[in-house]
Amino acid sequence: MRLNHLHLHVADLDRAAAFWCDCFGLRRGRRRGDVHVLNDDGGFGLALCEDADPVAQPEPLHLGFRLGSVLEVEQLHDRLLRAGRELAEPLTEEADRVWFRIADPDGHLVEVFWERDAPHQPTA
């Protein structure tokens, strides 16, 4: 069983879509009214719903992207910093895990990580 989609409320659809596409390589898909679905190559859909007063989930709730190597995490980290993105939590290297967090424009936390001995899933 694979997670198929996630639905987030955002204040500005275009701003949120730009963040997810620029930072994580999602592609703009169908748009119906106040919902815009972004997709990755693996069939995952991120549904963004415009909401005048979105509420970000409280910590520690977040979503995560598991990458295939430490190098991939470091490269994405560096690319986001070069693009002027502010991190919510800095790059942290532990014995069996490397990770950082970034918040989307509405405060939804996203963790990017690599973990030793975790089953690998293809990245988008």
Within this structure, what is the [atom1]-[atom2] distance for the pair [X] and [Y], rounded to the nearest 0.5 Å?
X	Y	atom1	atom2	value
Asp14	Arg28	CG	CZ	6.0 Å
Leu13	Leu38	CG	CG	9.0 Å
Cys21	Asn39	SG	CG	9.5 Å
Asp53	Asp51	CG	CG	6.5 Å
His9	Asp34	NE2	CG	8.5 Å
Leu87	His77	CG	NE2	4.5 Å

request  = I would like to know whether Asp104 and Leu8 meet side chain to side chain contact (heavy atoms under 4.5 Å, CB included); could you show each step before the answer?
outcome  = CA-CA 11 Å; Asp104 80 352; Leu8 296 177; 4.3 Å; yes

key: Residues that, via side-chain heavy atoms closer than 4.5 angstrom, fall in one hydrophobic cluster with Leu71   = none

query = Hydrophobic cluster mates of Leu61, side-chain heavy atoms under 4.5 angstrom, ILVMFWY only, any path?
reply = none

inquiry  = Is it the case that atom NE2 in His5 sees more than 12 heavy atoms from other parts of the structure closer than 6.0 Å?
reply    = no

ask   = Crowded around Glu86 CD? As in, over 12 foreign heavy atoms under 6.0 Å?
value = no

So, for [X] and [Y], which heavy atoms are closest and what is the spacing to 0.1 Å?
X	Y	result
Val73	Phe113	CG2-C, 3.6 Å
Pro105	Ala16	CG-CA, 4.5 Å
His7	Cys49	NE2-CB, 3.3 Å

Judged by atom type as modelled, is there a donor-acceptor pair below 3.5 Å linking the side chain of [X] to the main-chain atoms of [Y]?
X	Y	result
Asp22	Gly25	no
Arg66	Glu115	no
Asp106	Ala11	yes

Flag yes if [X] and [Y] sit in one hydrophobic cluster, no otherwise; membership is Ile, Leu, Val, Met, Phe, Trp, Tyr, and two members link when side-chain heavy atoms are under 4.5 Å apart.
X	Y	answer
Trp114	Leu81	yes
Val37	Leu48	no
Leu26	Val35	no
Phe19	Leu109	no

request  = List in chain and number order the residues that pass side chain to side chain donor-acceptor pair (under 3.5 Å) with Arg85, two or more places apart in sequence or in another chain; answer none if no residue qualifies.
outcome  = none

task = With sequence neighbours left out, write down each residue that passes side chain to side chain contact (heavy atoms under 4.5 Å, CB included) with Arg79, or none if nothing qualifies.
result = Leu76, Arg82

query = Can you name the residues that form a ring pair (Phe, Tyr, Trp, His ring centres under 6.0 Å) with His108, not counting sequence neighbours?
reply = none

query = Could you give all pairs that pass the ring pair (Phe, Tyr, Trp, His ring centres under 6.0 Å) test and reach residues 40-69, with sequence neighbours left out?
reply = Phe24-Phe65

